[in-house]
Protein chains: 2
Amino acid sequence: MAARRAEMMAETRAKLIAAGRRAFAEKGYAATSMDDLTAAVGLTRGALYHNFGDKRGLLAAVVDQVDEEMATRAAAEAERRGGDDWEKLLIEGVAYIEAAMTPEVQRIVLLDGPAVLGDPSNWPSQNKCLAATMDCLARLAGTGRIKPVSIEAAARLLNGAALNAALWVAASESPDAVLPEAIEAFTHLASGLLVREPA
Amino acid sequence: MAARRAEMMAETRAKLIAAGRRAFAEKGYAATSMDDLTAAVGLTRGALYHNFGDKRGLLAAVVDQVDEEMATRAAAEAERRGGDDWEKLLIEGVAYIEAAMTPEVQRIVLLDGPAVLGDPSNWPSQNKCLAATMDCLARLAGTGRIKPVSIEAAARLLNGAALNAALWVAASESPDAVLPEAIEAFTHLASGLLVREPA
DNA sequence: CGGTTTCACATACGTTGTGTATGTGAATTG
DNA sequence: CAATTCACATACACAACGTATGTGAAACCG
């Protein structure tokens, strides 16, 4: 248990990011005090500003981590169930909708993230979920299964629809009841990209 | 020019809302000081808190106004050009994308609005744009032109896709170049709702 | 090994902004 | 015309961010 300097620092960063996920998810970005946040993990604001520059820097790190987890989980789910590229696209899309049902993802990635860090397209982490969707679409375009359309545009629209749907579902009175409706609508919309499609 | 008390108050509210649109659009909600905001129109924070309760109240009023303008413009555009219900749906969708190209709409309605006021589904103003889209879809469902799908879900997905697309377009290097791509992708996606559709 | 330097983090301070409690003067009411 | 309302201004308390400075232990070096 040598505890080198770099290891200590990595641990500090991890603790702060973890605390950020909790606090931002529960109270929202604006209502979260950096004094309380750092104290909750036995540190002070000094550690925060040294490691992340400012409050936004911590949010960026948190968003990056959550985004990566979402992408990884969605990819794993698509991998687990087999299927061709088209089915993978749908599975991933549905996985995003389901992932975005958690308050943590909604508050941090969908609401505060864009407001504080700007549109995801400019995020340094460059939105791994979006990249995965573009990958899928590119393969489909290569085999000519989807109409000739801008890959990036289609990916943006699809993900935007999925995540926005999740916000609506979560805000509804009975999320469990409307979630399938959202998934069905999403599937129909996506099918609009196919060149041939019987229901 | 009697200047009744109620008229004065309405004027004050209008001035504050107008100032809010400017400041929120330019500097964002969080970076806007209510001291500066009110001073810019020759008032103090007293007027603000008396009329809107708090800072969020002003944002809600601003969002409501902008949202209503968007819906009105989109409806007018759909009216101006003729077409059946399906074409109206597309025209309105495209109108939303184009409206959301302005920094004012992006910053206020798409970024700060949801972050501060929560998901649009719970807004008291109840998102007039969404209502218009649902109207269109309901008529289309009535005549059996679209697949049997939850109207609300489809409307949410469509608007989510449209507005998200606008954020992406605006953030890109050459918005004019990618805007048509976004519109094309949107049209394709929407066509996924149709029961029969040749390209 | 001992002195020096680095650096991760803590402490202290100034500034800004929100919300609230209270004051005030003009418009309304009886 | 005296009393009251009320739209808004003034004054205050408190919270939070960012920065400037301090500190002690680890790393470096001869």
Side-chain angles (χ1 to χ4, degrees), chain A residues 1-20 22-63 107-108 112-113 115-118, chain B residues 1-20 22-63 107-108 112-113 115-118:
Chain A
M1 183 107 175
R4 291 265 148 61
R5 234 165 161 173
E7 296 168 6
M8 293 282 297
M9 196 168 176
E11 190 184 331
T12 304
R13 286 179 59 94
K15 280 199 284 192
L16 288 174
I17 291 177
R22 279 193 297 272
F24 291 154
E26 279 175 21
K27 309 192 287 187
Y29 175 81
T32 297
S33 157
M34 291 299 102
D35 263 321
D36 298 350
L37 206 220
T38 51
V41 289
L43 295 167
T44 68
R45 291 213 326 274
L48 199 248
Y49 287 95
H50 184 72
N51 279 283
F52 298 98
D54 59 359
K55 192 178 179 181
R56 288 182 64 214
L58 177 61
L59 178 63
V62 169
V63 162
R107 188 76 247 176
I108 297 178
D112 287 333
V116 177
L117 307 174
Chain B
M1 183 102 175
R4 289 260 149 61
R5 231 164 165 174
E7 296 168 5
M8 294 282 296
M9 195 166 178
E11 189 184 332
T12 306
R13 286 179 59 93
K15 280 199 285 191
L16 288 174
I17 292 178
R22 278 192 297 273
F24 291 154
E26 279 175 22
K27 308 193 289 186
Y29 175 80
T32 297
S33 156
M34 291 299 103
D35 262 322
D36 299 349
L37 204 232
T38 49
V41 289
L43 295 166
T44 68
R45 292 213 326 274
L48 201 245
Y49 286 95
H50 185 71
N51 279 283
F52 298 98
D54 58 358
K55 192 178 178 180
R56 287 182 63 214
L58 176 60
L59 177 64
V62 169
V63 162
R107 188 77 246 174
I108 297 177
D112 287 333
V116 177
L117 307 174

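Just so we're on the same page: letters track the sequence lines, and every chain starts at 1.
- Look at OH on Tyr49(B): it is 17 Å from P on dA11(D), rounded to the nearest Å.
- Side chain of Met34(A), nearest nucleotide from dG19(C), dT18(C), dC17(D): dC17(D).
- Interatomic distance, CZ of Arg22(B) versus CD1 of Ile108(B), reported as 11.0 Å (0.5 Å rounding).
- Following rounding to the nearest Å, Leu58(B) (CG) and dG17(C) (P) show an atom-to-atom distance of 16 Å.
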Reading nucleotides 4-16 of chain C 5' to 3', which nucleotides get B (base under 4.0 Å from a protein heavy atom), which S (sugar-phosphate only), which -?
--BBBBBB-----
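- Nearest heavy atoms, Ala61(A) versus Ile17(A): CB-CD1, 3.9 Å.
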Distance-only donor-acceptor hits, side chain of residues 36-44 of chain B, under 3.5 Å, sequence neighbours excluded:
from: Thr38(B); atom 1: OG1; to: Met34(B); atom 2: O; distance (Å): 2.7
from: Thr38(B); atom 1: OG1; to: Asp35(B); atom 2: O; distance (Å): 3.0
from: Thr44(B); atom 1: OG1; to: Gly46(B); atom 2: N; distance (Å): 3.2

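- In this structure, Thr38(A) reaches neither bases nor backbone, as no heavy-atom distance under 4.0 Å exists between it and the strands shown.
- Separation of atoms CG (Leu117(A)) and CZ (Arg56(A)) is listed at 6.0 Å; rounding is to 0.5 Å.
- Atom CG of residue Leu48(B) and atom CZ of residue Arg13(B) lie 10.5 Å apart, to the nearest 0.5 angstrom.
- The end-to-end axis angle of the helix from dC1(C)-dG30(D) to dG30(C)-dC1(D), rounded to 10 degrees and based on five pairs per end, is 10°.
- Proximity of Phe24(B) to Val63(B): side-chain heavy atoms (C-beta onward) are nowhere separated by under 4.5 Å.
- Leu59(A) CG to Asp54(A) CG: the interatomic distance, rounded to the nearest 0.5 Å, is 10.0 Å.
- Distance CG (Asp36(A)) to C1' (dC14(D)): 14 Å, rounded to an integer number of Å.
- Considering all non-hydrogen atoms of both residues, Thr32(B) and Ala23(B) come closest at OG1-O, 3.5 Å.
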